[in-house]
Amino acid sequence: MEVHAHTHTADPGIHRGRKKWTHYFWEFLMLFLAVFCGFLAEYQLEHKIEKERGKQYVQSFREDLCTDTAILHSNIETLKRFSAAGDSLVTMFQEGKIQSPAEVKKLYEYNITSLAGFTVVLTDRTSSQLKNSGGMRLITNKKVIDGIVDYWAGVEAIIKIENFLQTMRMQAREKSYLIFYNKYYSETSTISGRSILDNPQLMTKEHTLLAEFSNRVAHVKNMMKGTYTRVLKTQMTKADSLIKVIDKEYHLK
């Protein structure tokens with residue numbers, strides 16, 4: 001019996017369908033480039049959005065600076081009025097002008113004004129966002145960043161001096177309770193403060209107590225007129241300078 005050997009030949013279609021390695025390389029390269037370009041486009045878009053957000057923060061901070069400038073100017077004027085009252089109060093005690101009803105009435109008026117509560121409240125709207133939400137990283141202009149950080153340092157200086165002044169004021173106020181009788185202050189108030197009833201009297205004319213009170217008022221007054229006013233003026237200068245830097249760097253004007 002004759003045995004025929006079967007010759008196995010490859011399917012020609014298999015050879016025709018097989019692709020060279022270079023084909024796969026170019027497919028991979030095209031896919032990689034597509035993904036990479038998509039990544040770049042997304043990165044650019046995100047960078048553009050963050051840059052715009054940073055600019056919005058700066059514009060918002062600029063608005064706060066304008067508000068702060070007005071606040072600081074108003075507070076400086078208030079300090080002038082308070083320190084002037086302190087000056088007059090100290091002078092009257094030093095010159096012994098504590099006898100006539102008119103003089104005593106003036107002392108009551110100067111007392112309530114020179115030791116009135118005083119707090120500088122600057123705008124914290126944008127600053128709180130920059131500090132708490134990581135917004136500072138979105139601001140890339142070094143001059144603006146340095147200006148903001150320096151401005152915040154000024155705010156901290158104001159708070160420290162204000163706390164020290166508050167302690168001094170309360171110490172003087174404690175002494176005033178031994179000298180001025182609250183019943184002579186009217187329940188009604190005027191633009192300048194609570195009005196004083198006619199014929200007020202001092203609770204004491206003891207020299208040592210009046211001298212100590214006068215010294216404490218002088219200390220408060222000098223702090224208001226000197227260090228505190230100077231720091232507020234410096235902060236106002238910082239605000240004005242930073243506004244100009246922002247306008248220049250971001251072409252806002």
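These numbers come from a predicted model, not from an experiment.
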In a table with atom names and distances, give each donor-acceptor pair under 3.5 Å that connects a side chain of residues 155-164 to protein atoms at least two apart or in another chain.
{"residue": "Glu162", "atom": "OE1", "partner": "Val120", "partner atom": "N", "Å": "2.8"}
{"residue": "Glu162", "atom": "OE1", "partner": "Tyr228", "partner atom": "OH", "Å": "2.5"}
{"residue": "Asn163", "atom": "ND2", "partner": "Ile159", "partner atom": "O", "Å": "3.3"}

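A heavy-atom distance below 4.5 Å is not found between the side chains of Asn215 and His219. With contacts defined as side-chain heavy-atom distances shorter than 4.5 Å, the pair Tyr250/Lys55 qualifies. The shortest distance between side-chain heavy atoms of Val90 and Tyr110 does not fall below 4.5 Å. Counting only heavy atoms from C-beta outward, the side chains of Tyr184 and Asn199 never approach each other to under 4.5 Å. Residues Cys66 and Ile243 meet the side-chain proximity criterion, which asks for heavy atoms closer than 4.5 Å. Using a 4.5 Å heavy-atom threshold, the side chains of Ile139 and Phe61 count as separate. Side-chain contact between Ile71 and Val121 is absent, with no heavy atoms from C-beta onward closer than 4.5 Å.
Listed by first and then second residue, the salt bridge (charged side-chain N to carboxylate O under 4.0 Å, His left out) pairs that reach into residues 120-129 are Glu63-Arg125, Asp64-Arg125, sequence neighbours excluded. Legend: salt bridge (charged side-chain N to carboxylate O under 4.0 Å, His left out) pairs involving residues 87-103, not counting sequence neighbours, sorted by first then second residue: Asp87-Lys221, Asp87-Lys225, Glu95-Lys97.
Residue Lys106 qualifies as open at atom NZ: its count of foreign heavy atoms under 6.0 Å is 12 or below. Taking a 6.0 Å sphere around NZ of Lys248, one finds it holds 12 or fewer heavy atoms contributed by other residues, nucleotides or ligands.
With hydrogens and angles ignored, the 3.5 Å screen pairs no side-chain donor or acceptor of Tyr177 with any backbone N or O of Asn182.
Remark: of the listed residues Ile179, Thr204, Thr208, Ile179 is the sole one forming a side chain to side chain contact (heavy atoms under 4.5 Å, CB included) with Phe213.
The ring pair (Phe, Tyr, Trp, His ring centres under 6.0 Å) check on Tyr57 picks up nothing, with sequence neighbours excluded. The side chain to side chain donor-acceptor pair (under 3.5 Å) search around Arg169 returns Gln166, not counting sequence neighbours. Under the side chain to side chain donor-acceptor pair (under 3.5 Å) criterion, Lys205 pairs with Gln99, sequence neighbours left out.
Of all non-hydrogen atoms in Leu65 and Ile246, the two that sit nearest each other are CD1-CD1, 4.2 Å.
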